[in-house]
Amino acid sequence: MAGEYRLLLENARQLVLVCGRGEKYLLRAGMASLAVLQNASLVVGQDGYIKAVGQADVIRNQFSGATFERKIDCTGKCILPGLVDAHTHPVWAGDRVHEFAMKLAGASYMEIHQAGGGIHFTVEHTRKATEEELFNTFKHRLERMRRAGSTLVECKSGYGLNLETELKMLRVIERAKQSMDIGISSTYCGAHSVPKGKTATEAADDIIHNHLPKLKELKLSGEIHVNNIDVFCEKGVFDLDSTRRILQAGKDIGLQINFHGDELHPMKSAELGAELGAQAISHLEEVSDEGIAAIARAKCAAVLLPTTAYMLRLKQPQARKMLNEGVIVALGSDFNPNAYCFSMPMVMHLACVNMKMSMNEALAAATINAAYALGKSDTHGSIEIGKQGDLVIINSSRWEHLIYQFGGHQTLIDYVIVKGKVVYKNERCGITSSY
Ligand SMILES: N=CN[C@@H](CCC(=O)O)C(=O)O
Ligand SMILES: [Zn+2]
């Protein structure tokens with residue numbers, strides 16, 4: 001085949017498709033056995049989309065007359081889809097390392113929150129920060145996520161709470177969307193906490209009558225395009241009724257519902273999400289049996305966050321029960337000042353060890369199912385013709401090393417590719433080694 005293409009990846013030992021029949025998500029049986037090719041090659045077109053994937057000799061013959069902007073020899077290596085991080089809070093100022101010390105000494109998340117720390121501490125610092133400062137730290141964080149293999153990331157606002165700062169955060173996210181080679185799904189999370197001096201009902205009214213109409217206006221003028229709406233539905237934060245009102249109002253202006261629920265207390269958040277047609281609910285450490293059945297029926301993804309349970313020493317989300325009952329299980333890093341982790345390979349490892357998922361299940365949860373949680377599994381989350389050329393190449397002959405080597409991704413990952421463009425190349429790339 002003649003023609004000009006952006007990228008040829010040749011002769012990988014393993015090429016992990018994850019799935020190959022246009023599946024929008026995988027359930028337990030599909031997650032158990034992923035589609036993997038041996039000795040395979042892949043072609044990405046000038047438009048950044050995958051044009052061919054298959055056996056190395058077949059691709060070689062098929063594209064013998066073609067030219068490529070770039071070729072990478074993947075002999076002895078593995079190619080995986082770019083990882084999808086379905087839950088992050090990456091725009092903020094002021095770290096909380098002092099609170100990490102308090103938690104290690106026995107303070108709980110809610111004790112710190114109720115004493116005015118936690119989210120309130122970050123809100124105070126984020127309100128004071130300039131847009132430029134927030135953009136620069138955000139950019140750096142996205143680069144670190146990309147180096148760990150993430151090519152599509154959900155990014156929340158939520159450390160402003162007032163309209164002015166929420167918009168400042170959303171502008172920062174929009175700027176990264178426009179200027180950086182990484183996929184971003186943006187989430188308005190103005191109901192992340194009840195601002196000081198307001199009740200939950202007053203805060204919900206402010207969001208419904210002031211924040212959401214402004215977001216609608218900015219969408220129409222093309223200034224800010226938000227994808228999802230989020231609420232922290234939790235005892236002492238937003239109750240079920242305020243959560244319902246905010247999420248419904250967000251849905252009415254075209255946002256996908258994707259919210260925090262059943263984290264520290266059982267709130268019937270999962271039942272509410274199923275009722276409202278939520279695309280995804282995160283956390284679910286305290287979900288009820290009825291809630292699990294409801295989200296399975298509603299095809300609402302459960303975004304599980306192993307770093308939260310680990311960091312806060314909470315009970316683990318019941319991943320096995322959810323999988324057995326037909327829930328679409330996805331994973332996210334929950335990167336935020338409380339859980340400072342950028343790495344989806346480490347998240348997958350924690351999901352395997354602490355939540356008893358298999359490595360196949362963890363990879364499906366961090367690719368196709370995480371893409372589904374963001375409403376993007378048509379274009380992301382697997383290696384299939386017609387999908388975006390978002391890829392990770394690791395220097396190992398078995399893909400499972402990406403999960404097995406806890407914290408080893410920095411050495412293992414050779415290349416991260418977004419739309420067929422190399423966005424990260426490991427310095428040690430080219431030096432063959434066996435680890
Ligand atoms: N639980 C609510 N939100 C975050 C934590 C945010 C923070 O503590 O700053 C979470 O998902 O873990
Ligand atoms: Zn969160």
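Hydrogens, waters and symmetry mates are skipped; everything else that's a heavy atom, side chains included, is used. Treat the numbers as computed from the prediction; the structure is a model and nothing was measured. In listed order, ligands and their atoms are each counted from 1.
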Quiz prompt | More than 12 heavy atoms from other groups under 6.0 Å of CD on Q46 | solution =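 Yes, enclosed.
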
Exercise. Assert yes or no for the condition that the ring centre distance of Y415 to Y424 is strictly below 6.0 Å.
Key: no

2.8 Å cut-off met by an N, O or S atom of [X] to the Zn ion (ligand 2):
| X | answer |
| --- | --- |
| H283 | no |
| H89 | yes |
| C189 | no |

Quiz item: Going by atom types only, do K156 and N336 share a side-chain donor-acceptor pair under 3.5 Å?
Solution: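 No, because no side-chain N or O of K156 sits under 3.5 Å from a partner of the opposite role on N336.
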
Quiz item: Does a side chain donor of either D230 or N228 reach within less than 3.5 Å of an acceptor in the other side chain?
Solution: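 Result is no, nothing qualifies.
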
Self-check item: Inter-residue atom distance L161.CG - C189.SG, 0.5 Å rounding
Solution: 8.5 Å

Quiz item: Quick check: does any side chain N or O of K24 sit under 3.5 Å from a backbone N or O of Y372, one acting as donor and the other as acceptor?
Solution: no

Quiz item: Measuring from each atom of ligand 1, which residues have a heavy atom under 4.0 Å away?
Solution: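 Contacts of ligand 1 under 4.0 Å: H87, H89, R96, Y109, I119, Y159, H192, F232, H260, E263, H283, D334, N336, P337, N338.
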
Quiz item: Of all heavy-atom pairs between M267 and C233, which one has the smallest distance, and what is that distance?
Solution: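 Looking at all heavy atoms of both residues, the closest pair is CG-O, 3.8 Å.
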
